[in-house]
Amino acid sequence: MHQPQGFVDSAHPDYVCRFRRSLYGLKQAPRAWFKRFAQFIIGCGFRGSVCDPSLFVYHSGSDTAYLLLYVDDIVLTASTDALLDRFIGLMKRKFAMTDLGALHQFLGITVTRSDSGLFLSQSSYAQDIVARASMTNCNPVTTLVDTQPKLSTTSGPPLEDPTLYRSLAGSLQYLTFTRPDISYVVQQVCLFMHDPREAHMQSIKRILRYLQGTLDHCLFLSASPITGLTAYSDTDWAGCMDSHRSTSGYCIFLGDNLISWSSKRQATVSRSNAEAEYRGVYNAVAETTWLRNLLLELHIPLRRATVVYCDNISAIYMSGDPVQHQRTKHVEINIHFVRERVRVCEIHVLHVPSDSQYAEIFTNGLPRVLFVRFRSSLNVCTSPVTTKGV
């Protein structure tokens, strides 16, 4: 750095400017802003969450408040209006910010309130994705993927320009925040970002055709009592055509509300269906353990054990059997923490029939009737905005 011409300090020609505050575009700006805000809000009586660094919790007697920070977007809620107004006033005196009132938009997610709960929607975002692919006038389909063999890295000729494919696949990943019904097929098309083929592009187009017919669908969160955590875990053994790895999926309900879900290819090859299902249960139990700790920080401790449903009897036996059999000696030690959770009665792994295994929507392509039924079970429904006044 050098002093600009015409403004050189003759007494100190080798001096340069020193910034007293972080600039928005600098790499260290987000960390500096978070540090400054965290120091302020902790000084107001909040405590930073261990489970989620962007969450701050205030608890004093019967007063409770939660604050969620994402860069410069803040969601704040409190047990009373007076407590809410107090913290808003404190932040306004410290920072230049605007109170936008009741939550209606956050990070591109539209929040619609009703007497029964909240509807979380990304319909505008979905419309933009469809329009970017020039498929606004396409014919919609009722399912995302057929039940035929899955895609592979050699499915058809390569795309001449993969830019659009990668852009659409990346955008669809963010859409899964409120559309768990598309998680599995989005996970599948993202496996081929490095070398997309024509067949992979056709799969993305089918996703867009499905979205075109379900633009008004959203995730519903009802105002219901918290009765405990319930998880469903399923695995498609050796489902990957190239690596023969399995695809695991789970969905977790807090009371009647779906709060967490995943569809992901396992990191290693499993030697049996039981082992693959056991690894899937491990993923679900790890997530429920984190959620239980998070709820404890929110001063909502769960008194009941978490129930994890699996449709594989062998995996259920493995989760509760402390004996190290010959067939399980190769399984990583960390996977067996499921047994520890079962032993201390924090987790119950139970059997569920395959036709009631909701997590299968995250691991396989399903027939239309079953897909629609499972989608409804995940609380994906039509937004009330489109039906208002009908």
Side-chain angles (χ1 to χ4, degrees), residues 19-129 131 171 173-179 215-216 218-223 257 259 294 297-300 383-386 388:
F19 291 116
R20 294 291 185 180
R21 63 177 61 185
S22 299
L23 297 183
Y24 191 77
L26 296 179
K27 290 183 178 180
Q28 63 267 36
R31 181 178 294 274
W33 155 246
F34 180 82
K35 181 179 179 181
R36 181 185 178 194
F37 184 85
Q39 289 176 342
F40 165 76
I41 206 67
I42 290 174
C44 294
F46 281 80
R47 294 185 61 184
S49 169
V50 176
C51 296
D52 187 349
S54 61
L55 175 66
F56 298 88
V57 180
Y58 175 88
H59 185 72
S60 177
S62 60
D63 291 336
T64 303
Y66 306 131
L67 186 147
L68 190 64
L69 173 70
Y70 183 83
V71 189
D72 56 354
D73 292 323
I74 299 173
V75 175
L76 174 64
T77 186
S79 54
T80 63
D81 291 339
L83 186 63
L84 185 66
D85 293 338
R86 171 191 164 193
F87 288 128
I88 291 176
L90 289 173
M91 288 190 291
K92 281 186 175 181
R93 285 195 291 269
K94 182 66 175 182
F95 307 105
M97 57 174 54
T98 304
D99 178 13
L100 299 179
L103 181 64
H104 62 277
Q105 190 86 13
F106 185 68
L107 304 180
I109 300 174
T110 301
V111 181
T112 304
R113 298 174 180 268
S114 71
D115 295 336
S116 55
L118 300 177
F119 294 84
L120 308 182
S121 172
Q122 291 175 283
S123 58
S124 298
Y125 181 71
Q127 284 179 325
D128 293 340
I129 298 175
S171 299
Q173 282 185 306
Y174 189 68
L175 187 59
T176 60
F177 282 9
T178 59
R179 295 295 299 271
L215 288 173
D216 57 348
C218 60
L219 183 65
F220 176 59
L221 301 177
S222 63
N257 296 311
I259 61 171
L294 178 62
E297 288 189 323
L298 295 176
H299 299 277
I300 311 175
S383 172
V385 175
T386 58
K388 187 176 182 180

Does a side-chain heavy-atom distance below 4.5 Å link [X] with [Y]?
{"X": "Phe177", "Y": "Leu120", "result": "no"}
{"X": "Ser79", "Y": "Asp63", "result": "yes"}
{"X": "Lys94", "Y": "Phe37", "result": "no"}

Identify the heavy atoms of [X] and [Y] that sit nearest to each other, and give their distance.
{"X": "Thr64", "Y": "His59", "value": "OG1-ND1, 3.1 Å"}
{"X": "Phe87", "Y": "Cys44", "value": "CE2-O, 3.8 Å"}
{"X": "Ser123", "Y": "Leu215", "value": "CB-O, 3.1 Å"}

From Leu100, Val75, Ile74, residue fulfilling side-chain contact (heavy atoms from CB on, under 4.5 Å) relative to Phe106: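 The option that passes is Val75.
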Result of checking Leu84, Leu68, Ile41 against Leu76 for side-chain contact (heavy atoms from CB on, under 4.5 Å): Leu84
To the nearest 0.5 Å, what is the distance between [atom1] ([X]) and [atom2] ([Y])?
{"X": "Thr98", "Y": "Lys92", "atom1": "OG1", "atom2": "NZ", "answer": "7.5 Å"}
{"X": "Phe34", "Y": "Gln39", "atom1": "CZ", "atom2": "CD", "answer": "10.5 Å"}
{"X": "Leu175", "Y": "Gln122", "atom1": "CG", "atom2": "CD", "answer": "5.0 Å"}
{"X": "His104", "Y": "Ile109", "atom1": "NE2", "atom2": "CD1", "answer": "13.5 Å"}
{"X": "Leu219", "Y": "Thr176", "atom1": "CG", "atom2": "OG1", "answer": "11.5 Å"}

Donor-acceptor contact below 3.5 Å, side chain Asp216 vs main chain Ser383: no
Partners meeting side chain to side chain contact (heavy atoms under 4.5 Å, CB included) with Leu294 (sequence neighbours left out):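 Side chain to side chain contact (heavy atoms under 4.5 Å, CB included) list for Leu294, sorted by chain: Ser49, Cys51, Leu55, Trp290, Glu297, Leu298.
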Any residue meeting side-chain hydrogen bond (donor to acceptor under 3.5 Å, both in side chains) with Gln127, in chain and number order, not counting sequence neighbours: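 Checked Gln127 against side-chain hydrogen bond (donor to acceptor under 3.5 Å, both in side chains); zero matches.
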Results of side-chain hydrogen bond (donor to acceptor under 3.5 Å, both in side chains) for Thr77 - residues two or more places apart only: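 Scan of Thr77 (side-chain hydrogen bond (donor to acceptor under 3.5 Å, both in side chains), adjacent residues dropped) gives none.
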Intermediate values then yes/no, side chain to side chain contact (heavy atoms under 4.5 Å, CB included), Leu118 and Arg113: CA-CA 5 Å; Leu118 300 177; Arg113 298 174 180 268; 3.5 Å; yes
Option passing ring-ring contact (aromatic ring centres under 6.0 Å, His included) with Phe46 (candidates Tyr58, Phe56, Tyr66): Tyr58
